[in-house]
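Any value given below was found using the heavy atoms of this structure, including those in side chains, with hydrogens, waters and symmetry copies removed.
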Amino acid sequence: MWIIVLFDLPTDTKQARKQYTKFRGFLLDDGYTMMQYSVYMRHSSSDENAKVHVKRVKQKLPPDGEVRIVKITDKQFGKIEVFYGKKRRPIAPPEQLSLF
């Protein structure tokens with residue numbers, strides 16, 4: 001299961017930029033990686049685990065702007081196509097999660 005967090009947050013004031021930075025920092029600290037600007041993704045081992053991380057995001061929502069959360073399966077994630085200009089570059093698969 002993949003969690004994708006998409007957000008559009010204001011950065012017009014010093015306080016808004018601080019909230020943006022704080023929210024982005026939270027996502028990085030919680031294991032999300034940047035997929036593209038304002039789009040972050042994280043792998044979860046199960047739907048139950050995904051619900052925990054979605055709940056964490058909801059608790060850290062900034063006061064302004066929009067945040068959307070999409071959950072997709074590994075199979076759906078594997079069908080994502082990424083294009084750079086007119087030439088398609090292959091996507092490097094994310095590293096497998098290792099448990100000790």
In the single-linkage hydrophobic clustering (I, L, V, M, F, W, Y; side-chain heavy atoms under 4.5 Å), do Ile69 and Phe26 co-cluster? yes
Is there a continuous path of hydrophobic side-chain contacts, each under 4.5 Å between heavy atoms, that joins Val70 to Val82? yes
Distance col, row Tyr20:OH vs Asp8:CG, nearest 0.5 angstrom, shows 9.5 Å
One should read off an interatomic distance between Leu27 CG and Ile3 CD1, to the nearest 0.5 angstrom, of 10.5 Å
With [X] via side chain to side chain contact (heavy atoms under 4.5 Å, CB included) - residues at least two apart:
X     : answer
Asn49 : Arg42, Ser44, Ser45, Ser46, His53
Val39 : Ile4, Leu6, Met35, Gln36
Glu66 : Arg68
Lys18 : Gln15

If you define the side chain from C-beta out and look only at heavy atoms, does anything of [X] sit under 4.5 Å from [Y]?
X     : Y     : value
Leu9  : Gln19 : no
Ile80 : Ile72 : yes
Asp74 : His43 : yes

Can you list every pair that meets salt bridge (charged side-chain N to carboxylate O under 4.0 Å, His left out) and has a residue in residues 22-32, with sequence neighbours left out? Asp30-Arg56
Residues which pass side-chain hydrogen bond (donor to acceptor under 3.5 Å, both in side chains) with Lys60, listed by chain and number, not counting sequence neighbours: none
Tell me every residue that passes side-chain hydrogen bond (donor to acceptor under 3.5 Å, both in side chains) with Thr73, counting only those two or more places apart in sequence or in another chain. Gln76
Only residue of Phe23, Phe7, Trp2 satisfying ring pair (Phe, Tyr, Trp, His ring centres under 6.0 Å) with Tyr40 is Phe7
Would you please name every residue forming a ring-ring contact (aromatic ring centres under 6.0 Å, His included) with Tyr32, sequence neighbours left out? none
